[in-house]
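Heads up, the thing below is written out as structure tokens.
In this text the structure is predicted, and so the values were computed from the model without any measurement. One-based numbering, in listed order, for ligands and for the atoms of each.
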Amino acid sequence: MSGKVFLVGAGPGDPELLTLKAVRAIGAADVLLLDDLVNREILQFAAPRARVIEVGKRGRCRSTPQEFIERQMLRLARAGRIVARVKGGDPFVFGRGGEEMLALRKAGIEVEIVSGITAGIGVPAELGIPVTQRGLCEGVTFVTGHTGDGRAPDWRALAASGTTLVIYMGVAQCAAITGGLIAGGLSCATPAAAIQNGTLPSRKNVFTSLAMLAADMEAAGIGSPAVLIIGKVVDLARIPVASRVLPRVA
Ligand code: SAH
């Protein structure tokens with residue numbers, strides 16, 4: 001009998017932002033494949049018998065090619081295992097969840113998607129930044145600062161979009177991104193923020209203007225993973241007092 005794969009979004013970091021469905025899928029799994037952005041605190045919801053495989057793609061020591069991850073999932077599911085493939089944020093937002101779903105479908109493996117809170121919404125929300133706000137923007141655009149294939153997003157079109165810009169994977173390219181947006185006509189004074197490790201105790205953030213974002217990020221020592229938020233909604237931010245129901249586990 002063939003198993004099943006859950007493609008689970010674990011949210012931006014705080015384990016309290018897991019959905020009930022994510023907790024159930026994690027608890028049902030025989031094998032968990034964890035991305036490196038996933039907070040290990042989620043393992044408190046795993047069955048004691050569950051095997052944990054780290055498949056992070058960044059970091060100093062190891063990298064797991066995408067084909068290897070997909071092959072592992074197929075092998076485990078064909079052997080009848082319940083697999084939870086756990087990703088940071090939402091599995092379908094810059095998470096390669098779509099590719100994995102297609103590979104599993106093609107192989108005839110049952111796959112269930114468990115949506116999660118994407119960093120681009122949950123991270124600014126923690127600081128009181130709504131990604132849309134009537135009167136301040138016409139919508140929100142999620143965009144990657146790092147396409148992987150060398151192409152850059154159309155910053156001119158994005159500058160003219162009237163939407164809040166939420167940029168994932170934009171730390172390394174920040175100066176090019178802000179330069180592109182300013183060249184595209186977005187005001188230098190547009191409110192901008194960079195937030196690293198949002199929803200986690202290690203969070204770092206800067207609030208500044210579009211023109212100063214790259215320099216202020218560098219001065220504040222903000223690195224990856226961080227989201228860049230550009231637009232008038234950034235002015236609504238307030239630093240929160242953290243609250244928590246779950247006990248912290250190491
Ligand atoms: N699927 C994920 C995104 C994966 S791409 C999601 O939906 O959130 C990885 C990028 O997500 C990082 O480079 C960063 O831009 C963003 N990110 C993920 N977790 C974050 C966090 N806790 N704080 C800030 N940015 C985060």
Side-chain angles (χ1 to χ4, degrees), residues 6-19 21-22 25 33-42 54-59 63-64 66 69 84-101 113-129 131 140-149 152-153 158 164-178 192-207 213-214 216-217 220-231 234 237 239-240 242 244 248:
F6 290 94
L7 290 180
V8 181
D14 179 351
E16 291 199 317
L17 293 176
L18 284 170
T19 64
K21 212 183 248 298
L33 297 177
L34 299 188
D35 262 7
D36 45 19
L37 279 181
V38 172
N39 189 336
R40 272 37 188 176
E41 284 193 45
I42 67 143
E54 312 259 349
V55 293
K57 283 207 268 309
R58 65 170 71 226
S63 96
T64 313
Q66 187 66 21
I69 298 172
R85 166 79 171 109
V86 190
K87 295 164 175 288
D90 183 274
F92 279 177
V93 180
F94 303 125
R96 305 193 75 164
E99 283 146 272
E100 293 176 11
M101 175 187 73
I113 312 304
V114 181
S115 183
I117 298 178
T118 189
I121 295 178
V123 167
E126 181 194 31
L127 303 186
I129 302 173
V131 290
V140 54
T141 306
F142 299 112
V143 56
T144 174
H146 172 89
T147 53
D149 59 7
L158 290 166
T164 302
L165 302 180
V166 175
I167 300 162
Y168 293 66
M169 295 170 278
V171 173
Q173 292 301 317
C174 184
I177 293 167
T178 54
I195 311 160
Q196 177 182 12
N197 294 335
T199 79
L200 290 166
S202 53
R203 187 190 71 231
K204 279 190 192 174
N205 38 252
V206 285
F207 296 97
L213 184 62
D216 286 353
M217 262 174 73
I222 291 196
S224 185
V227 285
L228 315 180
I229 317 286
I230 297 164
V234 169
I239 303 300
R244 195 168 154 122
R248 245 181 243 299

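The shortest N/O to N/O separation between Gly95 and ligand 1 does not fall below 3.5 Å.
For Asn197 and Ser202, the side-chain atoms include at least one donor-acceptor pair closer than 3.5 Å.
With a 4.0 Å heavy-atom cut-off, ligand 1 is reached by the side chain of Leu37 but not by its N, CA, C or O. When non-hydrogen atoms are compared, ligand 1 lies under 4.0 Å from the backbone of Ala119 as well as from its side chain. The residue Val171 has no part lying near ligand 1, judged by heavy-atom distances below 4.0 Å. Under 4.0 Å from ligand 1, the heavy atoms of Val123 that appear belong solely to its side chain.
Taking 4.0 Å as the cut-off between side-chain N and carboxylate O, Glu100 and Arg85 count as a salt-bridged pair.
With sequence neighbours excluded, no residue forms a side chain to side chain donor-acceptor pair (under 3.5 Å) with Thr164. Applying the side chain to side chain donor-acceptor pair (under 3.5 Å) test to Glu126 and every residue at least two apart in sequence or in another chain returns Arg203.
Those atoms of ligand 1 that come under 4.0 Å of a heavy atom in Ile195, given as number and element, are 24 (C). In summary, the atoms of ligand 1 found under 4.0 Å from a heavy atom of Thr118, numbered by their order in the structure, are 6 (C), 7 (O), 8 (O). Heavy-atom proximity to Val93, at under 4.0 Å, picks out these atoms of ligand 1: 1 (N), 2 (C), 3 (C), 6 (C), 7 (O).
When the options Phe142, Phe94, Phe92 are ranked by their closest heavy atom to atom 5 (S) of ligand 1, first place goes to Phe94.
In this structure, Gly13 does not count as a contact residue of ligand 1, since none of its heavy atoms falls inside 4.0 Å of the ligand.
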